[in-house]
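Both ligands and their constituent atoms are indexed starting at 1 by order of listing. Just so it is clear, the model here is predicted, and its values are computed rather than measured.
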Amino acid sequence: MESEHQTRRQFCRVCTAAGVAAIGGAAAALQACGGGGSPTSPGGGLSAASLPRVSGTVTGGTIQVTIDSASPLAATGALALVTSAAGNVLVARTAADSFVALTATCTHQACQITGYSGQTYVCPCHGSQFDESGRVVNGPATRSLSQYRTQFAGGVLTISG
Ligand code: FES
């Protein structure tokens with residue numbers, strides 16, 4: 001119980017930090033990550049598409065996402081960027097009732113990850129790539145993206161710390 005409580009507090013802190021960054025610091029962060037110019041071409045020429053965006057609702061320290069047949073996450077194998085007042089989360093549907101949720105904040109210089117190529121997430125700033133589980137596929141990032149807990153019931157995905 002104690003560790004669960006601790007984890008939730010950490011999750012909330014991450015959400016708060018991400019929320020603040022999204023409101024106040026996103027432009028500055030993007031500028032810093034891009035070195036003052038436009039973002040570099042990810043992966044040395046890799047063309048990354050923008051992740052489809054899905055809105056999430058913050059409820060009791062969790063992010064809830066309704067997934068119906070029209071959702072970008074309706075099919076197994078789909079990737080999406082869930083946006084919410086508590087921050088952004090990368091979500092992959094790995095099976096009919098199984099999802100993997102990751103922080104969307106890059107471990108290199110904290111840019112928001114918004115792109116993908118195949119089953120790989122791509123950071124727009126310097127081209128770091130991460131697999132569906134958050135492991136680094138291509139640098140400059142060296143640390144994995146942290147994972148959140150997910151629960152799927154009644155067509156609603158709940159993401160928690
Ligand atoms: Fe540099 Fe993501 S912030 S690769």
What part of S128, side chain, backbone, both or neither, has a heavy atom within less than 4.0 angstrom of ligand 1? both
Heavy-atom neighbours of Q147 CD exceed 12 at 6.0 Å: yes
If you round to 10 degrees, what value do you get for the angle at atom 2 (Fe) of ligand 1 between C106 atom SG and C123 atom SG? 110°
Quick one: the ND1 of H126, atom 1 (Fe) of ligand 1, ND1 of H108 angle, rounded to 10°, please. 90°
To the nearest 0.5 Å, what is the distance between OH (Y148) and CG (L102)? 9.0 Å
Under 4.0 Å from a heavy atom of C111: which atoms of ligand 1 are those, numbered in the order shown and with their elements? 3 (S)
Would you check if the side chain of T150 reaches a backbone N or O of F99 as a donor-acceptor pair within less than 3.5 Å? yes
Under 3.5 Å, is there a donor-acceptor pair between the side chain of S117 and the main chain of T120? no
Which pair of non-hydrogen atoms, one from R93 and one from F152, has the smallest distance, and what is that distance? NH2-CE2, 3.7 Å
Within 4.0 Å of some non-hydrogen atom of Q109, the atoms of ligand 1 are 3 (S)
